[in-house]
Amino acid sequence: MGFFSGLLGNAGEVSQEQLMTDYGKLLIDNETIELGFKLIRDTFIFTNKRLILIDKQGITGSKTEYRSITYKSISRFSVETAGTFDLDAELKIWISSEAVPSIKKQFNKSVNVYDVQKVLAFYVLN
């Protein structure tokens, strides 16, 4: 992920190995990482059990919030692909019966949003 892409708010994919090194301690037994993305200092991870949002806070980023969302609490989601002049794709997730999406993330063009949609659909629909 490029620096300017990060400044624009676009997330880039992170390898499973790097995510395991950085966040493996958050996982429970038999939980595996499917996909993960980094947005400047924040990270979000799709596992086979839940969605984990990692929010680095403050100027130094030493304070961190780990937010865990089970797939069964996701009521709906949408994925918008990048266009010719629109450089990013967007993911929106609604939790329970909220009227507006509580999670919005933008991806740069290097991310295959169909993979994101496939992981979400698999776990939300099961």
Side-chain angles (χ1 to χ4, degrees):
M1 172 178 73
F3 177 72
F4 290 110
S5 183
L7 286 178
L8 294 173
N10 296 333
E13 192 165 358
V14 180
S15 73
Q16 289 178 335
E17 294 80 21
Q18 184 63 49
L19 292 168
M20 277 302 293
T21 300
D22 296 344
Y23 304 108
K25 62 184 173 256
L26 297 174
L27 304 180
I28 62 170
D29 292 341
N30 299 320
E31 185 174 20
T32 59
I33 294 173
E34 299 286 336
L35 285 174
F37 302 93
K38 186 159 184 70
L39 172 65
I40 305 177
R41 297 186 309 173
D42 297 341
T43 304
F44 51 107
I45 302 169
F46 295 94
T47 76
N48 61 328
K49 308 263 185 212
R50 60 192 162 145
L51 172 59
I52 303 171
L53 302 169
I54 298 125
D55 180 16
K56 300 276 184 173
Q57 301 173 355
I59 295 171
T60 63
S62 58
K63 183 177 179 181
T64 305
E65 176 187 23
Y66 300 96
R67 187 172 165 197
S68 181
I69 300 166
T70 60
Y71 291 119
K72 67 181 176 182
S73 67
I74 297 173
S75 61
R76 62 189 188 274
F77 62 90
S78 71
V79 176
E80 181 182 296
T81 60
T84 304
F85 299 107
D86 186 14
L87 300 178
D88 57 357
E90 188 173 36
L91 168 68
K92 295 177 186 174
I93 298 175
W94 287 260
I95 305 300
S96 298
S97 60
E98 294 177 331
V100 296
S102 55
I103 300 168
K104 289 184 185 179
K105 299 292 179 183
Q106 292 183 323
F107 302 91
N108 60 35
K109 276 196 167 187
S110 69
V111 173
N112 185 344
V113 293
Y114 295 106
D115 289 344
V116 175
Q117 188 280 147
K118 190 175 187 177
V119 169
L120 263 174
F122 180 80
Y123 290 112
V124 170
L125 298 174
N126 277 331

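Excluded from the calculations below are hydrogen atoms, water molecules and symmetry mates; all remaining heavy atoms, backbone and side chain alike, are included.
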When rounded to the nearest 0.5 angstrom, what distance separates [atom1] in [X] from [atom2] in [Y]?
| X | Y | atom1 | atom2 | result |
| --- | --- | --- | --- | --- |
| Lys104 | Ser78 | NZ | OG | 9.5 Å |
| Ile95 | Arg76 | CD1 | CZ | 10.5 Å |
| Glu17 | Ile33 | CD | CD1 | 9.5 Å |
| Lys105 | Ile103 | NZ | CD1 | 7.5 Å |
| Tyr114 | Thr81 | OH | OG1 | 5.0 Å |

Decide yes or no for [X] and [Y]: does some side-chain heavy atom of the first lie under 4.5 Å from some side-chain heavy atom of the second?
| X | Y | result |
| --- | --- | --- |
| Tyr71 | Leu125 | no |
| Val79 | Glu90 | no |
| Leu26 | Ile45 | no |
| Ile93 | Ile69 | no |
| Thr64 | Ile54 | yes |
| Asn48 | Glu34 | yes |
| Phe37 | Val116 | yes |
| Gln117 | Phe77 | yes |

Please work out which of the three classes, parallel, tilted or perpendicular, describes the rings of Tyr66 and Tyr23, given edges at 30° and 60°. perpendicular
Residues Arg50 and Glu31 bridged, charged N to O under 4.0 Å: yes
Return yes when atom CG of Asn126 has more than 12 non-hydrogen atoms of other residues, nucleotides or ligands closer than 6.0 Å, and no otherwise. yes
If every non-hydrogen atom of Leu27 is compared with every non-hydrogen atom of Met20, which pair is closest and at what distance? CD1-SD, 3.4 Å
